[in-house]
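Here the structure comes first, spelled out in structure tokens, and everything after it is commentary.
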Amino acid sequence: MKIAFIGLGHMGSGMAANLVKGGHEVRAYDLSAAAMTQAVAEGCIGAASLNEACQDAEAVITMLPAGQHVLAVYAQVMEQAEPSALLIDCSTIDVESARKVAGQAESAGFAMVDAPVSGGVAGAKAGTLTFMCGGPQAAFARAEPILQAMGKAVIHAGSAGAGQAAKLCNNMLLAITMIGTCEAFALAEKLGLDDQVFFDIASKASGQNWSMTSYCPVPGPVPTSPANNDYQPGFAASLMLKDLTLAMQAAAQNDAHTPLGAKAHTLYEALCRQGHAAQDFSYMMERIRRGS
Ligand code: NAD
């Protein structure tokens, strides 16, 4: 397929490269010259403008920082792309903007899917992302084979915005389990337990969770976790704060009671303010150990 790919940053570059490997013709466009150079080196065709990327495209994929970028880019995409083109937004954005842009796309005659991802930069490079999709069934059916070239799981969550809703709820839960796991290790240490011993027990007991067994915030028990690499991301604390902010907005707008989500937001905000925004979100371990 001819696919326009807009936004070739940390995530988009790996995703576009996997579409090329999957046999698609990928026209790449990014505001950053460095991102364009990398995309071309990975086999994409560099487009001189957003309009050029969209011309004749059968699908347009966006992987942009936030809602305002998606709304601005989509205003142009909907003018330039053929109405037969499938529109897929993989960015993580607020549910309200996702629903707004989906409504605009529908009015303009486009099929559209919101398809935010889980799996981080490593998953984007390896083609092992999980896509959480929102939109009409027919649009999802068209998007599924394209997304499969970039991921290990493609799940239809419901109507427009449902993919973003699933993403925000998942990441709020992740933030909470990470903080809980950090607290448990910190208390275990104070009580004289060895990290590995506590891991061996809790990972086989009812405290078991992904933040512990796949992404352990203390060095040692899970060799691939960022804790073993000086907390280099991985998933940066700033991105966790972004997702928690979106989750708190959604909770406020929908009258949902999320006291632990709110506390997690406060703690990640403080971590970022203390100069650790670029470190992995599991760096929360150090903050909890310090008690500040
Ligand atoms: P990034 O900042 O590295 O990349 C975004 C790219 O979009 C940049 O290269 C930027 O130049 C480009 N861009 C911005 N406005 C543009 C425009 N008008 N036209 C063309 N290009 C434009 O961000 P990222 O880490 O790749 O994240 C992208 C999205 O994926 C975000 O919504 C993020 O929350 C989400 N996400 C990121 C991760 C992660 O680990 N990095 C994981 C899951 C989801």
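Just so you know, ligand 1 is whichever comes first in the structure, and atom 1 is the first atom listed for that ligand.
Only the side chain of Lys167 comes within 4.0 Å of ligand 1, counting heavy atoms alone; its backbone N, CA, C and O stay farther away. At a heavy-atom distance under 4.0 Å, only side-chain atoms of Leu239, from C-beta outward, approach ligand 1. For Ile93, no heavy-atom contact with ligand 1 is shorter than 4.0 Å.
Every atom of ligand 1 with a heavy atom of Lys242 under 4.0 Å away is listed here by number and element: 31 (C), 32 (O), 33 (C), 34 (O). Within ligand 1, counting atoms from 1 as listed, the ones closer than 4.0 Å to a heavy atom of Phe235 are 40 (O). Set against the non-hydrogen atoms of Ile6, the atoms of ligand 1 under 4.0 Å away are 20 (C). Those atoms of ligand 1 that come under 4.0 Å of a heavy atom in Gly9, given as number and element, are 3 (O), 4 (O), 6 (C), 9 (O), 26 (O). Within ligand 1, the atoms closer than 4.0 Å to a non-hydrogen atom of Gly7 are 7 (O), numbered from 1 in the order shown.
Among protein heavy atoms, the minimum distance from atom 29 (C) of ligand 1 is reached at Leu64 O, 3.4 Å. The protein heavy atom nearest to atom 35 (C) of ligand 1 is Thr92 OG1, 3.6 Å. In terms of protein heavy atoms, atom 30 (O) of ligand 1 is closest to Met63 CE, 3.0 Å. Nearest to atom 21 (N) of ligand 1 among the protein's heavy atoms is Leu31 N, 3.4 Å. The protein atom (non-hydrogen) at minimum distance from atom 18 (N) of ligand 1 is Val73 CG2, 3.4 Å. Among all protein heavy atoms, the one lying closest to atom 11 (O) of ligand 1 is Asp30 OD1, 2.6 Å.
Linking Ile, Leu, Val, Met, Phe, Trp and Tyr whenever their side-chain heavy atoms come within less than 4.5 Å leaves Met178 and Leu246 in two separate clusters. No continuous path of hydrophobic side-chain contacts links Leu168 to Leu239 [ILVMFWY only; heavy atoms under 4.5 Å]. In the hydrophobic clustering of ILVMFWY residues, with side-chain heavy atoms under 4.5 Å counting as a link, Val95 and Val101 come out apart.
Under a 4.0 angstrom heavy-atom cut-off, Ala72 registers as lying outside contact with ligand 1.
A search for side chain to side chain donor-acceptor pair (under 3.5 Å) contacts involving Glu58 returns nothing, not counting sequence neighbours. For the salt bridge (charged side-chain N to carboxylate O under 4.0 Å, His left out) test, no residue two or more places apart in sequence or in another chain qualifies with Glu269.
At least one N/O-N/O distance between Met11 and ligand 1 falls below 3.5 Å. Inclusion of Pro65 in the set of residues having an N or O under 3.5 Å from an N or O of ligand 1 is warranted. Backbone and side-chain nitrogen or oxygen atoms of His10 are examined, and one is located within less than 3.5 angstrom of a nitrogen or oxygen of ligand 1.
The aromatic rings of Tyr231 and Tyr283 sit perpendicular to each other, their planes meeting at more than 60°, with 30° as the lower class boundary. Ring geometry for Phe235 against Phe281 counts as perpendicular: the plane angle is over 60°, on a 0 to 90° scale with 30° as the lower cut.
Within a 6.0 Å sphere centred on NZ of Lys242, other residues, nucleotides and ligands contribute more than 12 heavy atoms. Crowding of Glu25 atom CD: a count of heavy atoms from other residues, nucleotides or ligands under 6.0 Å exceeding 12. Around the NE2 atom of His10, the shell of radius 6.0 Å holds no more than 12 heavy atoms that belong to other residues, nucleotides or ligands.
Judged by distance alone, the side chains of Ser282 and Asp280 do bring a donor and an acceptor atom under 3.5 Å apart. Remark: the Asn51 side chain and the Gln55 side chain contain no N/O donor-acceptor pair separated by less than 3.5 Å.
Distance remark: protein heavy atom present below 4.0 angstrom from atom 41 (N) of ligand 1.
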